[in-house]
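Hydrogens, waters and symmetry mates play no part in the numbers below; they use all other heavy atoms, side chains included. Everything numeric here is computed off the predicted structure, so don't read it as measured data. Residue numbers run from 1 in the order of the sequence given. Atoms within each ligand, like the ligands themselves, are counted from 1 in listed order.
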Amino acid sequence: MDEKTFKDYLVIKAMEDSVNVIGLTRGSDTKFHHSEKLDAGEVMIAQFTEHTSAIKIRGNAKIYTPYGEIESESKRG
Ligand code: TRP
């Protein structure tokens with residue numbers, strides 16, 4: 001696999017409690033394989049890997065990527 005795929009990190013900072021960072025599988029089936037709960041202020045640093053092709057974030061978080069920064073929003077509250 002492309003070396004760059006493995007180099008890219010995402011930094012996810014939860015802006016509220018119970019933000020979910022969900023890893024989705026690589027390959028012909030796209031399924032959830034991991035869900036990590038972050039509380040306000042917690043940070044997760046994650047990479048795309050052989051097993052992870054997409055990352056879904058639920059809740060309000062700041063996401064820093066090599067392509068820029070974005071904030072996910074919460075529909076709650
Ligand atoms: N075992 C997973 C993997 O190597 C761990 C993982 C990597 C992960 N990046 C992730 C889990 C992003 C959730 C979100 O692919």
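Under the side-chain hydrogen bond (donor to acceptor under 3.5 Å, both in side chains) criterion, E42 pairs with no residue, sequence neighbours left out. Listed by chain and number, the residues in a side-chain hydrogen bond (donor to acceptor under 3.5 Å, both in side chains) with T30 amount to none (sequence neighbours excluded). Considering only residues two or more places apart in sequence or on other chains, I70 meets the side-chain contact (heavy atoms from CB on, under 4.5 Å) condition with I63.
In the hydrophobic clustering of ILVMFWY residues, with side-chain heavy atoms under 4.5 Å counting as a link, L10 and V21 come out together.
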Return a table of N or O atom pairs, ligand 1 on one side and protein on the other, at distances under 3.5 Å, rounded to 0.1 Å.
{"residue": "ligand 1", "atom": "4 (O)", "partner": "T49", "partner atom": "OG1", "Å": "3.3"}
{"residue": "ligand 1", "atom": "9 (N)", "partner": "Q47", "partner atom": "O", "Å": "2.7"}
{"residue": "ligand 1", "atom": "15 (O)", "partner": "T49", "partner atom": "OG1", "Å": "2.4"}
{"residue": "ligand 1", "atom": "15 (O)", "partner": "T52", "partner atom": "OG1", "Å": "2.5"}

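Between the side chain of D39 and the main chain of S18, a donor-acceptor pair closer than 3.5 Å is present.
A side chain to side chain donor-acceptor pair (under 3.5 Å) with N60 is found for one member of E73, K13, E71 and no other, namely E71.
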